[in-house]
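Chain A is the first sequence line, chain B the second, and so forth, proteins listed ahead of strands; every chain is numbered from 1.
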2 protein chains.
Amino acid sequence: MRRPTIADIARQAGVSKGAVSYALNGQPGVSEATRARILAIADEIGWRPNIAARALNGARAHAVGLALCRPARFLGVEPFFMELISGIEAELSARSYALLLQVVGDHETEMGVYRRWWGEGRVDGAILVDLHLDDPRVPEIEEMGMPVVVIGHPSAAGSLLPVWADDGAAVRETVEYLAALGHRRIARVAGLPRLVHTVIRDRAFTDVCAGLGLDVCPTVHTDYTGEEGARATRRLLSSPDRPTAIVYDNDIMAVAGLSVAQEMRLDVPADLSIVAWDDSPLCQVVRPPLTVLARDIPAYGGHAAQRLLSLIDGADTRHLEDEPPRLTTRGSTAPPA
Amino acid sequence: MRRPTIADIARQAGVSKGAVSYALNGQPGVSEATRARILAIADEIGWRPNIAARALNGARAHAVGLALCRPARFLGVEPFFMELISGIEAELSARSYALLLQVVGDHETEMGVYRRWWGEGRVDGAILVDLHLDDPRVPEIEEMGMPVVVIGHPSAAGSLLPVWADDGAAVRETVEYLAALGHRRIARVAGLPRLVHTVIRDRAFTDVCAGLGLDVCPTVHTDYTGEEGARATRRLLSSPDRPTAIVYDNDIMAVAGLSVAQEMRLDVPADLSIVAWDDSPLCQVVRPPLTVLARDIPAYGGHAAQRLLSLIDGADTRHLEDEPPRLTTRGSTAPPA
DNA sequence: TTTCGGCACTTATCCGGTTCAGCAGTAGCG
DNA sequence: CGCTACTGCTGAACCGGATAAGTGCCGAAA
């Protein structure tokens with residue numbers, strides 16, 4: 001009932017452990033006949049390499065880590081992470097790497113997790129998400145020496161390898177499109193203000209609005225939840241010079257905003273245009289379907305995983321700029337009435 | 001720069017490796033003074049146990065596996081898995097267990113993943129989800145001898161340890177409530193017909209409808225996506241004796257159904273009552289907010305993780321019946337017009 | 001015929017912990 | 001005083017595989 005080891009194979013094949021090791025790893029040192037015999041026996045008795053024993057010899061752990069720092073109730077909200085994970089996964093499993101996942105409550109715990117994983121030799125590297133301004137995690141990880149890919153803008157990644165998309169360009173495209181439709185008062189319901197990508201989107205939004213000479217372009221920060229999205233929308237739509245278009249930082253807030261608008265007897269898109277960030281089935285089932293900034297999130301995760309594996313292999317890797325989100329117009333945007 | 005080992009500690013403390021091992025593991029065999037000295041040195045030089053070395057001695061891998069068999073695009077759809085995972089996580093991390101996650105495309109690959117994880121000593125156990133009728137995974141895992149907790153009904157779990165909730169009771173409660181409101185024609189938009197929990201809900205639905213002497217109670221099976229939910233709803237609402245209430249098997253289909261109803265100029269809840277399975281922020285941001293069958297999914301995952309850890313520890317564990325989903329009424333249900 | 005080279009394999013060591021047998025030193029006890 | 005029992009520690013084996021060094025053998029070249 002015990003797991004078979006190379007010693008078992010060696011005994012059956014009538015050779016030494018060393019020969020078996022050479023044979024199983026495709027290394028020179030055994031004849032082809034012996035190699036074939038050993039492989040056949042290994043296959044027959046169902047031998048699997050014990051990764052612990054391999055790792056002990058300084059080999060790879062063949063796993064990478066991802067610690068998500070989000071309260072549990074926010075996690076389910078956005079499809080983003082699940083899609084990102086499945087993209088990471090696809091790439092990792094193709095190379096027989098495993099993904100170690102942990103959901104934590106705060107960044108200190110997150111760093112503790114990374115420290116433990118790295119210290120215990122559980123992972124060969126990790127993926128860092130949700131960069132903050134002046135994120136203390138970056139210098140700490142640099143000091144640890146663990147290979148890490150950062151999903152976020154290079155400006156905040158320090159010496160870590162960034163994988164990113166140009167959110168600023170997406171914001172510009174969106175605002176220019178809305179302005180071309182005739183909108184002069186555009187608002188933005190943004191996410192957490194300290195996240196780097198929020199800052200980048202904020203700045204791009206302000207810049208492009210100023211460049212186009214638009215009247216008012218308020219930005220309201222939220223925590224990404226539907227409730228806050230609804231509240232922000234209600235406040236914006238209640239103001240005297242209410243916007244004719246609102247750009248949301250995720251899909252759940254956009255849907256909440258849509259409901260608020262309909263509650264207030266505003267017609268979407270006649271009275272209010274809505275744009276959501278990240279496409280999801282959700283955006284297509286509501287009426288009207290939402291115009292979105294769509295990105296291929298699984299591909300994004302896949303690229304991050306690829307980069308990380310290259311980094312672990314010591315390959316020469318430079319930062320990767322992914323495609324910016326594409327504006328996909330649906331029924332929720334139109335010229336203002 | 002090398003990771004410190006117990007040999008380093010032993011040298012510094014002037015004792016043997018064995019003594020250090022005893023001290024660090026809280027085992028008898030060293031004096032309190034020596035133990036304190038060793039712990040201080042370990043802490044000072046930043047020693048971490050190498051799990052590979054520990055695992056080699058037959059110790060635990062301190063990780064459990066979860067292979068999700070879903071196409072990537074369906075994964076993000078439902079918050080269910082993300083919430084389940086965060087619940088599992090919370091329990092695991094409290095006991096310093098890691099979660100190995102893999103997203104696979106089909107059940108054969110899934111079994112391959114489990115086989116590899118178990119064979120390589122990567123995990124101490126696993127969690128199995130999405131049970132099918134006559135699921136071949138159950139006997140295969142039984143044969144492997146890996147500790148596994150099944151999230152699903154005991155009838156399909158074989159000798160594996162099930163963690164489940166009584167979906168049938170929830171269906172009964174819902175239908176009885178709708179019937180009490182005066183509904184005579186209730187429909188159900190269900191999920192994949194081969195999943196065990198779908199079958200259980202199907203049967204309960206048919207039984208309670210028959211018991212209440214309701215006129216028609218069609219069940220339409222789907223793949224859980226918004227599109228299919230919309231299509232099913234459209235078909236149901238187009239039939240001559242269209243239902244006055246529809247119960248959906250998840251939230252995304254319920255929202256899609258709501259949109260379809262509104263598109264067809266039906267008032268919810270006056271013309272059509274809607275009940276969704278599983279609460280999510282989504283159900284609360286749409287208008288009207290949806291009446292739902294709510295369950296504490298993170299807790300559900302947490303219980304599964306607890307059971308699994310007990311099972312791994314060889315504790316005496318019996319199957320756990322969790323609380324059934326609670327019917328939470330909101331604006332989408334009312335007496336028929 | 002000797003010598004050298006290389007093939008095919010064995011032997012031994014190592015990785016970082018755990019664990020068991022053994023061994024001083026000391027305290028307890030009759 | 002001698003015997004036992006216990007404390008506190010040491011030394012070595014062991015887990016499963018990788019790998020460097022060593023060995024025996026055969027064929028080819030000198």
Side-chain angles (χ1 to χ4, degrees), chain A residues 1-39 41-43 45-62 96 116-124, chain B residues 1-39 41-42 45-63 96 116-124:
Chain A
M1 215 57 249
R2 222 186 70 268
R3 245 192 276 289
T5 73
I6 57 166
D8 299 324
I9 301 176
R11 205 174 316 112
Q12 277 202 42
V15 295
S16 70
K17 272 171 54 175
V20 174
S21 179
Y22 290 136
L24 293 170
N25 291 298
Q27 300 225 17
V30 283
S31 66
E32 279 314 311
T34 310
R35 185 189 303 278
R37 190 158 43 94
I38 287 171
L39 287 176
I41 293 171
D43 189 55
I45 66 176
W47 175 85
R48 302 265 167 172
N50 178 320
I51 42 134
R54 280 203 170 147
L56 207 47
N57 290 297
R60 303 266 121 95
H62 280 274
S96 290
R116 191 161 58 81
W117 280 347
W118 182 243
E120 293 177 352
R122 258 184 200 280
V123 300
D124 301 323
Chain B
M1 216 57 247
R2 221 184 72 267
R3 246 191 275 288
T5 73
I6 57 164
D8 299 323
I9 301 175
R11 206 175 316 112
Q12 277 201 44
V15 295
S16 70
K17 272 171 54 177
V20 173
S21 179
Y22 291 136
L24 292 171
N25 291 298
Q27 300 222 18
V30 284
S31 67
E32 280 314 311
T34 310
R35 186 188 303 277
R37 189 156 45 93
I38 288 171
L39 288 175
I41 293 172
I45 66 177
W47 175 84
R48 302 264 166 174
N50 179 321
I51 43 135
R54 280 203 171 147
L56 206 47
N57 291 294
R60 303 268 121 94
H62 281 272
S96 290
R116 192 161 56 81
W117 280 348
W118 181 242
E120 292 177 353
R122 257 184 200 281
V123 299
D124 301 322

For B/K17 and A/V15, find the nucleotide of DNA chain C closest to each by heavy atoms; which residue's nucleotide sits nearer the 5' end? A/V15

[N] [atom2] sits how many Å from [X] [atom1], rounded?
X      : N      : atom1 : atom2 : answer
B/I38  : C/dG17 : CD1   : C1'   : 14 Å
B/H62  : C/dT18 : NE2   : P     : 10 Å
B/L56  : C/dC15 : CG    : C1'   : 9 Å
A/R122 : C/dG16 : CZ    : C1'   : 16 Å
A/R37  : C/dA8  : CZ    : C1'   : 12 Å

Checking the side chain of B/N50 only, and the main-chain atoms of B/A52 only, is there a donor and an acceptor separated by less than 3.5 Å? yes

Keeping the roles fixed (side chain from B/R37, backbone from B/A13), state whether a donor-acceptor pair exists under 3.5 Å. yes

Is there side-chain contact between B/L24 and B/I9, with at least one heavy-atom pair below 4.5 Å? yes

Just so I know, are the side chains of A/V15 and A/V30 near enough to count as touching, which here means a heavy-atom distance under 4.5 Å? no

Establish, with yes or no, whether the OP1 or OP2 oxygen of [N] is under 4.0 angstrom from a side-chain nitrogen or oxygen of [X].
X     : N      : result
A/S31 : C/dC7  : no
A/S16 : C/dC9  : no
B/W47 : C/dG16 : no
B/Q27 : C/dT18 : no

Does the cation-pi check pass for A/R3 over B/W118, that is, NZ or CZ under 6.0 Å from the six-membered ring centre and within 45° of its axis? yes

Closest nucleotide of DNA chain D for B/N57 versus for B/R35: which of these residues is on the 5' side? B/R35

Closer to the 5' end of DNA chain D via nearest nucleotide, is it B/Y22 or B/G58? B/Y22

Going 5' to 3' along DNA chain D, which nucleotides are the first and last within contact of chain B (any atom under 4.0 Å from a heavy atom)? D/dG8 to D/dG16

Looking for any heavy atom pair under 4.0 Å, which part of the strands does [X] touch: base, sugar-phosphate only, or nothing?
X      : answer
A/S21  : base
B/G121 : nothing
A/R48  : sugar-phosphate

What closest approach, in Å, do B/I51 and A/R122 show between heavy atoms, and which atom pair accounts for it? CD1-CG, 3.2 Å

Measure across A/I6 and A/K17 and return the closest heavy-atom pair with its distance rounded to 0.1 Å. CD1-O, 4.0 Å

